[in-house]
Amino acid sequence: MTERAAEERKEVLGSMCDERARMLQDQFSVSVNHVHAFAILVSTFHHNRSPSALDQETFADYAARTSFERPLLSGVAYARRVVHSEREQFERQQGWTIRSMKERDPAPIEKEYAPVIFSQDTVSYLESLDMMSGKEDRANIERARETGKAVLTNPFRLLESNHLGVILTFPVYHYDIPADASVEERIEAIDGYLGGAFDVESLVENLLRQLADNQDIEVNVYDVTNTGFPLIMYGPQHPNGDLSLSHVSMLDFGDPFRRHHMECRYHQRP
Ligand code: WA2
């Protein structure tokens, strides 16, 4: 291979990788924006109204009819904060028991819970599950309500599909919280958590499949928040393409606490 051909091969890889990263980031970002709007919908029609103008059926209908706005999400759901002293009354009102994510049995006594009260039909198995009983979901709930911002989990295997993905969580408060509110004030004012599941394994696959020359390159996405310990979010566990040449494209998924990037390689050696 001439030096010129090698140079060009490298450039082509770089532009294919950048294009994929840009597409993924764009689709990620429109999905995040729409989940944000969903959080406002719940705040407007559920919390600020008495009686609530939202119920499971209305939520599920609206979620299904707007799912085209959230191309990388397999579903959205709303979990309400319930403290232990309210549990009995809450369960009586709902007509079901708060269940834990692991055993799907009635949740053991905790200080507080985050049971799902509204869910898109695609994730209806979440209903009544305490989202604080899962390690990744709990970390998201705590960071979302403490910061007031949208947050993402580590990549992990999602319930039911068992696909690799991440959860996005927006906090929903009782009232408009001033930007300089303390962590304690924020926790006090929390009403619930609007979340969406990014099924990265299957929906990113779909996205990349639509692109030309897709069969030529191998793509990985990593959470590189901890630079010494990258977490695989998409792509082969053991890259087996042409390892002599790779390109890294930056990704920004909007959670300033986290760093992500895409790594691309050719499948074949020249
Ligand atoms: N949603 C879908 N699949 C999951 C999951 C989840 N969490 N956790 C594990 N598999 C209601 O942050 C609040 C959604 C959590 C929101």
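Counting starts at 1 for both ligands and their atoms, following the listed order. Note that the coordinates shown come from a computational prediction; the quantities given were computed from them, not determined experimentally.
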So if I count the atoms of ligand 1 from 1 in the order they appear, which ones are less than 4.0 Å from some heavy atom of Met131? 5 (C), 6 (C), 7 (N), 8 (N), 14 (C), 15 (C)

Is the shortest side-chain N to carboxylate O distance from Asp252 to Arg259 below 4.0 Å? no

Using heavy-atom distances, let me know which of Leu159, Ile167, Val35 sits nearest atom 10 (N) of ligand 1. Leu159

To the nearest 0.1 Å, how far is atom 16 (C) of ligand 1 from its closest protein heavy atom, and which atom is that? Gly195 CA, 3.5 Å

Does this structure show an ion pair linking Arg145 with Glu112, if we count only N-O contacts that are shorter than 4.0 Å? yes

I'd like to check whether Asp137 has a polar contact with ligand 1, where a contact means an N/O of the residue lying under 3.5 Å from an N/O of the ligand. yes

To which of Leu126, Thr122, Val123 does the heavy atom nearest atom 1 (N) of ligand 1 belong? Leu126

Sidechain N-carboxylate O distance under 4.0 Å for Asp130, Arg104: no

Polar side chain donor-acceptor pair, Ser249 to Asp18, under 3.5 angstrom: yes

Centre of Tyr113's six-membered ring, under 6.0 Å away, within 45 degrees of the axis: is that where NZ or CZ of Arg81 sits? no

Are Arg22 and Asp26 close enough for a salt bridge, meaning some N to O gap below 4.0 Å? no

Flag Thr169 as yes when one of its N or O atoms lies below 3.5 Å from any N or O atom of ligand 1, and as no otherwise. yes

Identify the closest protein heavy atom to atom 11 (C) of ligand 1: which residue and atom is it, and at what distance? Ala77 O, 3.7 Å

Nearest non-hydrogen protein atom, atom 3 (N) of ligand 1: Ala197 CB, 4.1 Å

